[in-house]
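Structure record follows, encoded as C-alpha cells.
In this chain, residues are counted from 1 in sequence order.
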Amino acid sequence: MKIFCSRANPTTGSVEWLEEDEHYDYHQEIARSSYADMLHDKDRNIKYYQGIRAAVSRVKDRGQKALVLDIGTGTGLLSMMAVTAGADFCYAIEVFKPMADAAVKIVEKNGFSDKILVINKHSTEVTVGPEGDMPCRANILVTELFDTELIGEGALPSYEHAHRHLVEENCEAVPHRATIYAQLVESRRMWSWNKLFPIHLQTSLGEQVIVPPVDLENCPGAPSVCDIQLNQVSPADFTVLSDVLPMFSIDFSKQVSSSAACHSRQFEPLTSGRAQVVLSWWDIEMDPEGKIRCTTAPFWAHSDPEEMQWRDHWMQCVYFLPQEEPVVQGSALCLVAHHDDYCVWYSLQRTSPEKNERVHQMRPVCDCQAHLLWNRPRFGEINDQDRTDRYIQALSTVLKPDSVCLCVSDGSLLSVLAHHLGVEQVFTVESSAASHKLLRKIFKANHLEDKINIIEKRPELLTSEDLKSRKVSLLLGEPFFTTSLLPWHSLYFWYVRTAVDQHLGPGAVVMPQAASLHAVVVEFRDLWRIRSPCGDCEGFDVHIMDDMIKRALDFRESREAEPHPLWEYPCRSLSEPRQILAFDFRQLVPPRPLCAEGTMELRRPGRSHAAVLWMEYHLTPECTLSTGLLEPADPEVVPARRAPVCVQTLRAGAAWGGLPAPVLRVCLTSSLGQMMTPWDIWPLRSFSLLRAAWAGGWPGRRLRCQGALTVFLLFILQGGCCWNPHCKQAVYFFSPVLDPRAPLGGPQMVSYVVEFHPGTGDITMEFRLADTPDSPLLGNKVA
C-alpha cells in the first residue's frame with residue numbers, strides 16, 4: 001500500500017507531497033541504524049559473550065535452569081550467545097517490528113528456534129504468568145540498551161521495570177555494573193560550541209566589537225549531550241584541570257531507580273584555569289568481579305590504548321557547565337553529576353551538595369533562544385574569527401556608503417558586519433520567530449535595534465513595503481539555513497535570489513556570487529564499518545540482517561548521501577578533488593537541469609569506500625569559503641615510501657594525570673628535495689605510539705625513527721584530508737567495495753554523471769567504479 005507524505009523541500013523551500021511505501025519510515029530507520037556498527041564492534045561482542053558464559057555458568061553451578069531475558073535483542077545475537085553458552089531458554093524482547101521479524105528469521109537460520117522466543121513488545125508491556133508472554137521470571141538479565149550517554153535510550157526505566165516484574169531478585173545481569181567517568185577541562189574550542197564570543201572587526205572608524213546579550217552569556221545552554229569522537233580532538237585544544245573521576249555506578253543485578261539523583265566527587269585541580277567543559281565516558285563490567293570490562297574511554301584514559309575498538313554507536317560525551325568558573329590549583333572543589341531518567345548534566349560546587357542547599361537538580365534549559373536556533377557546529381562557525389575576517393574582507397570590496405543590503409540567512413550576523421562596514425541601510429529576513437527574537441536581543445545589546453531592520457517572513461514573500469520602497473544593491477548570504485542537511489540544500493539561497501529579483505536594483509551585487517559542488521573519492525579508516533555487511537558475527541550467521549539493510553537502502557531517500565562531520569572520521573583521498581557543478585548566483589535559477597559528467601582517476605592505492613561531496617561558496621572572485629576539504633592532499637607525496645621523513649620532538653603537550661604527552665613535529669621532503677610544510681602530530685591512541693594514521697595493510701604506512709618510537713604517517717604521506725570542522729559533508733558510500741574482505745586494488749577510476757534539477761532542487765548522481773570508463777555500472781543514484 002502507498003501513502004502520501006508531506007516534506008518541506010530544504011532546497012526550494014516548497015512543501016511537497018510524496019507517494020511512499022507504507023513501511024517507508026521503517027526502511028529509513030533500518031537504513032540509518034547502527035546495527036552494522038554494533039555487529040562489527042568485536043570488543044563489545046566478545047565481552048558480552050564472555051559475560052554471558054560466566055553468568056550462565058554461575059546459575060548452572062547453583063543447580064538452576066538458566067532462563068534468560070534479553071531486552072532489546074535486535075538481531076537476537078545475545079540470545080544466541082546465551083543458548084550456545086548453555087542457557088535453557090531465552091525470551092528475546094524487541095519492540096521494533098522489522099527487527100523483531102528479522103530476529104525470528106536469524107534465530108531460525110542458526111537453529112535456535114526451539115530455545116529462543118522473540119517477543120515483539122516493549123519490555124514494559126511483557127507479562128509473566130501462565131497466560132503471559134513468559135511463564136515465569138528469568139534469572140539472567142541481558143541487555144544492550146546503552147547509548148553514548150549510557151542512559152539516553154531509557155535504560156534506567158527499562159531496568160527498573162524488569163527488576164520489579166520480569167526477573168528474579170538477585171538475578172544475574174550482563175552487564176553487571178556500569179560506571180560513568182568525568183574529567184574537567186578548559187577548552188576554548190569546545191566552549192565555542194556553547195557560547196557566543198565577542199566578534200572583532202576592523203573598520204574605517206577603528207575596531208568594532210559585537211558583544212553577546214547578557215541573557216545569552218548567562219544561559220545554561222541546551223540540555224542535550226554533545227556526543228563526539230573525542231579521540232579526534234587534538235590535546236592542544238584543551239587543558240586538563242582534573243584527574244579522571246568516577247562519578248557514579250549502577251548495579252544492574254539489583255533494583256534500579258530511574259528517579260533523579262546527584263553524585264559528587266571532591267577533587268583538587270591539577271592546574272589553575274577556567275572550568276568550562278566536562279568530558280565524560282563510561283564502562284560496563286560484564287561480571288561481578290569486574291574482570292570482563294568494556295569501555296568507551298578515550299585513548300588517554302584507556303587501559304590498553306593500542307587495542308582500542310573504534311565504534312560509532314558509542315562515542316564520548318561533552319557537557320558544558322552552566323557558566324565557566326575560575327579554578328585554582330590545589331584548591332578543593334566538587335564536581336556534581338546530576339541525572340534524571342534519560343539525561344546527565346554537571347555542575348561545579350565549592351562544597352559538597354549535602355552542605356549546599358543551592359544545588360539544583362533541574363535539567364538545564366535554554367532560555368536565550370540561541371541554543372534552540374544554533375546547534376553546536378553553528379556556534380563554532382559563528383565564533384570562527386578567521387571565517388568572519390573572510391566575510392569582512394569580501395564585504396569591504398563590494399560595499400558602498402549608499403548600499404542597501406538585504407541579508408538572507410537564518411540567524412546570521414552578516415547584517416551587523418555590513419552595518420559596521422558603513423552600509424547605509426540594512427535589512428535582514430528571518431522566517432522563524434526564534435531567530436527573529438534572538439537577533440533582536442543581539443541588536444539591542446549592540447545598540448543597533450534602530451539601525452538594522454528585521455523582517456519576519458519567508459524571503460519569497462517580501463514586498464516593496466517591507467523594504468521601505470528601496471531597491472537592494474547588495475543581496476547577502478552566508479548562506480546558512482537551519483533546514484539544510486546536505487551541503488547543496490543551501491542552494492535555497494539561489495531560489496531566494498530568484499524570488500527577490502524584482503527587488504534588486506540595477507547592477508546589484510549578489511554575495512556569494514557563485515557556488516560549486518566538489519567531490520573526492522576516499523578511503524575511510526573506520527567509518528566504512530557502519531555500512532559494511534557483517535556476514536558472520538562471533539560464529540553466528542547474520543546475513544539476513546545484511547540483506548535487510550540492503551533492501552532498506554534501495555528506498556529513494558535511504559539512498560541519499562549521508563551527512564557526516566568528517567573531521568571526526570579520518571579518511572584519505574584516493575583521487576584529487578574535482579569540481580563537479582557550478583552555480584552562478586548572479587543569474588536566476590535556470591529552467592533546465594545542470595549536468596556534468598567526467599572521470600576521477602584514483603591516484604593512490606586503497607579501497608574506494610565513498611565519494612565525499614561538499615559546496616564551496618565564492619564570495620568574490622578572490623575569496624572562497626569551503627564547507628568541505630580545506631587542505632587537499634599534496635600530489636607529490638606518492639607513494640609514501642619515497643618521501644624522506646624527519647621527526648623531532650617539538651614540545652611537551654598537555655598533561656593527563658601528570659604524564660606529559662609529547663607533541664612531535666614532522667617534516668617531509670618532497671621528491672624534488674624541497675622541504676614541505678611541517679605538521680605537529682599529537683598522540684591519537686597512546687603516549688607511546690603517536691598515530692597520525694592507522695595500521696591497515698597499506699604500503700608505506702609505517703616509518704621508524706628514534707629507536708622504539710613508531711609514527712604512523714599515512715594521512716600526511718598519502719592523501720590525508722583536512723575537513724571544515726563546522727560543517728557536515730555528504731558521504732555517498734560505494735556499496736560493492738564495503739566488504740572488508742574485498743581485495744586491494746580494483747577500480748582505477750570513478751566515472752560520474754551528476755545532474756541538478758531546478759524544479760525540485762534535487763541533485764542526482766551515478767558513479768562507475770571501473771578500470772575503464774566503459775565498465776559496468778557499480779554505483780546507484782542519489783537524490
Side-chain angles (χ1 to χ4, degrees), residues 44-45 47-96 99-100 103-104 106-108 110-146 151 153-178 250-258 284-289 292 540:
R44 162 194 176 270
N45 299 339
K47 299 296 175 55
Y48 261 99
Y49 211 164
Q50 292 173 344
I52 289 169
R53 284 196 193 101
V56 171
S57 178
R58 288 192 298 273
V59 170
K60 293 286 189 177
D61 289 345
R62 295 196 293 265
Q64 301 174 354
K65 284 188 175 182
L67 302 178
V68 177
L69 173 64
D70 175 9
I71 299 179
T73 193
T75 60
L77 177 65
L78 302 185
S79 288
M80 293 189 293
M81 288 179 175
V83 172
T84 304
D88 294 280
F89 203 85
C90 293
Y91 301 93
I93 314 301
E94 176 55 53
V95 67
F96 186 40
M99 275 310 309
V104 170
I106 292 171
V107 166
E108 181 180 4
N110 286 272
F112 296 113
S113 295
D114 59 332
K115 289 197 172 183
I116 298 176
L117 174 64
V118 178
I119 302 173
N120 179 208
K121 287 185 177 182
H122 194 283
S123 64
T124 57
E125 300 172 344
V126 173
T127 57
V128 176
E131 303 299 324
D133 300 303
M134 301 167 54
C136 62
R137 291 180 177 235
N139 54 13
I140 300 177
L141 176 58
V142 176
T143 62
E144 209 281 56
L145 300 172
F146 312 120
I151 65 173
E153 292 184 359
L156 294 183
S158 296
Y159 271 109
E160 186 176 45
H161 177 272
H163 276 286
R164 287 179 177 171
H165 303 286
L166 305 178
V167 296
E168 296 177 357
E169 188 176 358
N170 298 319
C171 69
E172 298 289 343
V174 182
H176 181 85
R177 181 187 301 107
I250 304 170
D251 187 339
F252 296 127
S253 68
K254 299 177 181 178
Q255 181 63 55
V256 172
S257 173
S258 61
I284 48 178
E285 296 170 355
M286 301 298 183
D287 61 326
E289 296 79 19
I292 308 170
F540 302 100

Problem - side chain to side chain contact (heavy atoms under 4.5 Å, CB included) evaluation trace for H163 with C171 - result: CA-CA 9 Å; H163 276 286; C171 69; 3.9 Å; yes
Handout entry: pair V256-P157: side-chain heavy atoms closer than 4.5 Å
Key = no
Handout entry: CG-OG1 distance between L69 and T143, expressed to the nearest 0.5 angstrom
Key = 9.0 Å
Handout entry: Y48 ring center within less than 6.0 Å of F146 ring center
Key = no
Exercise for the section: Count the heavy atoms of every other residue, nucleotide or ligand shown that sit under 6.0 Å from CD of E289, and state whether that count exceeds 12. Expected result: yes
Practice task
Report the C-alpha separation of M80 and I106 in whole Å, then their side-chain angles, then the decisive distance to 0.1 Å, and conclude whether the side chain to side chain contact (heavy atoms under 4.5 Å, CB included) test is met.
Solution key: CA-CA 9 Å; M80 293 189 293; I106 292 171; 3.7 Å; yes
Handout entry: Shortest non-hydrogen contact from D114 toward F89
Key = O-CE1, 3.4 Å
Problem - Closest heavy-atom pair and its distance - S113, V107 - result: N-CG1, 3.7 Å
Fill in the blank from the handout: d(I292 CD1, Y49 OH) to nearest 0.5 Å is 13.0 Å
Handout entry: Sub-4.5 Å side-chain heavy-atom contact between Q255 and E160
Key = yes
Problem - Validation row: H176, D287 side chains within 4.5 angstrom (heavy atoms) - result: no
Practice task
Please confirm whether the backbone N or O of T127 pairs with a side-chain atom of D133, one donor and one acceptor, at under 3.5 Å?
Solution key: yes
Completion exercise
When every non-hydrogen atom of C136 is compared with those of L67, the smallest separation belongs to SG-CD1, 3.5 Å
Exercise for the section: Return the minimal non-hydrogen interatomic distance between V56 and A87, and the atom names on each side. Expected result: CG1-N, 3.8 Å
Practice task
Could you check if a side-chain atom of H165 sits within less than 4.5 angstrom of a side-chain atom of V128, using non-hydrogen atoms only?
Solution key: no
Practice task
With rounding to the nearest 0.5 Å, note down the distance linking CG in L117 to CG in D70.
Solution key: 11.5 Å
Completion exercise
Scanning both residues in full, the closest heavy-atom pair of A82 with C90 reads CB-SG, 3.7 Å
Handout entry: Any donor-acceptor pair under 3.5 Å from E94 side chain to F96 backbone
Key = yes
Exercise for the section: Identify the two heavy atoms, one from H122 and one from S158, that lie closest to each other, and give their separation to 0.1 Å. Expected result: CE1-OG, 4.3 Å
Practice task
Starting at CD of E125, measure out to NE2 of H161 and round the result to the nearest 0.5 Å.
Solution key: 9.0 Å
Completion exercise
Interatomic distance, CD1@I71 vs CD@E144, rounded to 0.5 Å, equals 12.5 Å
Exercise for the section: For residues I93 and S123, determine if any side-chain heavy atom of one lies less than 4.5 Å from a side-chain heavy atom of the other. Expected result: yes
Exercise for the section: Taking the side chain as every heavy atom from C-beta outward, state whether F540 and L77 have any atom pair closer than 4.5 Å. Expected result: yes
Practice task
Check whether any side-chain heavy atom of N45 sits under 4.5 Å from a side-chain heavy atom of M81, and report yes or no.
Solution key: yes
Practice task
Using ring pair (Phe, Tyr, Trp, His ring centres under 6.0 Å) as the criterion, list what pairs up with F112, not counting sequence neighbours.
Solution key: none
Exercise for the section: Decide, yes or no, whether a salt bridge links K60 with D88 under the criterion of side-chain N to carboxylate O below 4.0 Å. Expected result: yes
Practice task
Output, in order, the C-alpha distance, side-chain angles, deciding distance and verdict of side chain to side chain contact (heavy atoms under 4.5 Å, CB included) for L156 and I250.
Solution key: CA-CA 9 Å; L156 294 183; I250 304 170; 3.7 Å; yes
Practice task
Mind checking the CG-CD spacing from L145 to E153? Nearest 0.5 Å is all I need.
Solution key: 7.5 Å
Problem - More than 12 heavy atoms from other groups under 6.0 Å of NZ on K121 - result: yes
Problem - With sequence neighbours excluded, residues passing salt bridge (charged side-chain N to carboxylate O under 4.0 Å, His left out) with R137 - result: none
Problem - Side chain proximity check, R62 to E172, heavy atoms < 4.5 angstrom - result: yes
Problem - Listed partners of K65 passing salt bridge (charged side-chain N to carboxylate O under 4.0 Å, His left out), at least two apart - result: none
Practice task
Evaluate whether atom CD of E108 has more than 12 neighbouring non-hydrogen atoms of other residues, nucleotides or ligands under 6.0 angstrom away.
Solution key: no
